[in-house]
Amino acid sequence: MITSKLPNVGTTIFTRMSQLAMETGALNLSQGFPDFDGPQALRDAVGRHIAAGHNQYSPMTGLPALREQVATKIQRCYGRAVSADSEITITPGATQAIFCAIQALIRAGDEVIVFDPCYDSYEPAVELAGGRCVHVPLGQPDFAIDWQRLNDALSPKTRLIILNSPHNPSGALISRTELDRLATLIRDRDIYLVSDEVYEHLVFDGAQHASVVAHEELYQRAFVVSSFGKTYHVTGWKTGYVVAPAALSAELRKVHQYVSFCGVTPLQWALADFMAEHPEHVEQLPAFYQAKRDLFCDLLGDSRFCFTRAAGTFFQLADYSAIRDDLEDVAMSEWLTREHGVATIPVSVFYQQAPKDLRLVRFCFAKREETLRQAAEKLCAI
Ligand code: PMP
Ligand code: GLN
């Protein structure tokens, strides 16, 4: 019998809920992905590059043209000049980028601080590296960093803090002031950061994303991760990138080189073309997704769900205690899927220890207007 290195890992909630949605024919507002396609010009570019013979390995660090485009975007959005050669690495998805950063940093016995609710890929990566996650719950109801708890969680073994803003599942944003406070807290300690910013362009109501890339002090010890999947509506392309100072990038690349070596070549070509031709795409994203959030929330206003509009991401949390206070959220998500035809994600699965009275589910609003209207109609009828 094989002894599992990850005895606590099963099938993810995203796979389970998408599967249940498929089996029951429910509208799938669970796993986070759009039910519409990425831009036509972007999709056309892939075919063009495949036909043009761009089908062999790209450089290990990523296609130079794409790294240049990422550097240009970072300069434009965050005002930092980063080297496309030594500070940007293209990876097959943000998940792989995070995994490689963790393997590059964590040794047996190291502690990694994660904020609950937290994305599911962090902890297994830490455990495979021999480290241990220390879970620090975010404050309620705003999902902000609880500084006292963070302070209490720091130890001489703390080697890494994983940030995620805009935050999955809550949509909460970390502010520039909070980054400053974090910088002060870790200034004299040997602690690194992985900043998961895959929803960097999905921020609403005129807010600005406070990227760690734009923070002079924190950037020096950070791996900043993003995903083309979210920004260009192509989650299935599994293409992402890491920005980190040259010395950190060099260590990350040693791992990335042997996890996958490189990303998918024609996809990188297509993304490079599209970014060069359509720099406005990222500027238009906040309004694009805010309209979806507002449509969904306006329609849900007639339901018995309670919510505060998400500040970022393409997820909306909703409290269902006025509907079924007797059900815990996993059971609630199944009930909503089976009985009411809308699949959601329970929030407790993002916690090591969820608050007992948690009655929250997560809806993904990266959907066509028609899907959002149909879903809202079902949800309002409950
Ligand atoms: N981090 C967070 C917070 C996410 O929600 C997701 C994705 N879905 C990822 C990382 C992974 O992105 P990718 O699909 O590019 O691996
Ligand atoms: N990030 C996506 C979500 O939160 C899921 C990605 C996955 O299925 N691994 O829904």
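Just so you know, residue 1 is the first one in the sequence shown, and it goes up from there. Remember, it's 1-based here, ligands and their atoms both numbered in the order they're listed. What's counted below: heavy atoms across the whole structure, side chains too, no hydrogens, waters or symmetry copies. Just so it is clear, the model here is predicted, and its values are computed rather than measured.
Residue contacts with ligand 2 for N168 involve side-chain atoms from C-beta outward but no N, CA, C or O (heavy atoms, distance under 4.0 Å). Both the backbone and the side chain of T95 come within 4.0 Å of ligand 1, counting heavy atoms alone. In N164, the part holding a heavy atom less than 4.0 Å from any atom of ligand 1 is the side chain.
Geometrically, ligand 1 and N168 share a nitrogen or oxygen pair separated by less than 3.5 Å. Considering backbone and side-chain N/O of T12, none are found under 3.5 Å from N/O of ligand 2. The shortest N or O to N or O distance between Q96 and ligand 1 is not below 3.5 Å. Polar contact with ligand 1: present for S227 (N/O pair, distance under 3.5 Å). The N/O atoms of R362, backbone and side chain alike, include one that comes under 3.5 Å of an N/O atom in ligand 2. Backbone and side-chain nitrogen or oxygen atoms of F14 are examined, and none is located within less than 3.5 angstrom of a nitrogen or oxygen of ligand 2.
Under a 4.0 Å criterion applied to the non-hydrogen atoms of Q31, ligand 2 contributes the atoms 7 (C), 8 (O), 10 (O).
No donor-acceptor pair under 3.5 Å is formed between the side chain of T158 and the backbone N or O of L154. With Q316 contributing its side chain and A310 its backbone, the two residues share a donor-acceptor pair below 3.5 Å. In this structure, the side chain of S165 does not engage the main chain of H167 through any donor-acceptor pair within 3.5 Å.
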For side-chain contact (heavy atoms from CB on, under 4.5 Å), just list the numbers for K73 and H201, CA-CA rounded to whole Å, side-chain angles, deciding distance to a tenth of an Å, and then say yes or no. CA-CA 11 Å; K73 188 203 74 172; H201 299 298; 3.1 Å; yes

Pair W147-R181, side-chain contact (heavy atoms from CB on, under 4.5 Å): steps then yes or no: CA-CA 9 Å; W147 294 94; R181 193 163 174 180; 3.4 Å; yes

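Summarising the geometry of I186 relative to L193, their closest heavy-atom pair is CD1-CD2, 4.2 Å, with the distance given to 0.1 Å.
The shortest separation from a heavy atom of F33 to ligand 2 is not under 4.0 Å, leaving the residue out of contact. Residue contact check for ligand 1: Y199 places a non-hydrogen atom closer than 4.0 Å to it. For H167, the closest heavy-atom approach to ligand 1 does not fall below 4.0 Å.
For atom 3 (C) of ligand 1, the nearest non-hydrogen atom of the protein is D196 OD2, 3.3 Å. What sits closest to atom 9 (N) of ligand 2 on the protein, heavy atoms only, is Y119 OH, 3.5 Å. Of all protein heavy atoms, the one lying nearest to atom 12 (O) of ligand 1 is A94 CB, 3.5 Å.
Ion pairing between a basic and an acidic side chain is recognised when a charged N comes within 4.0 Å of a carboxylate O; K230 and E200 show no such pairing.
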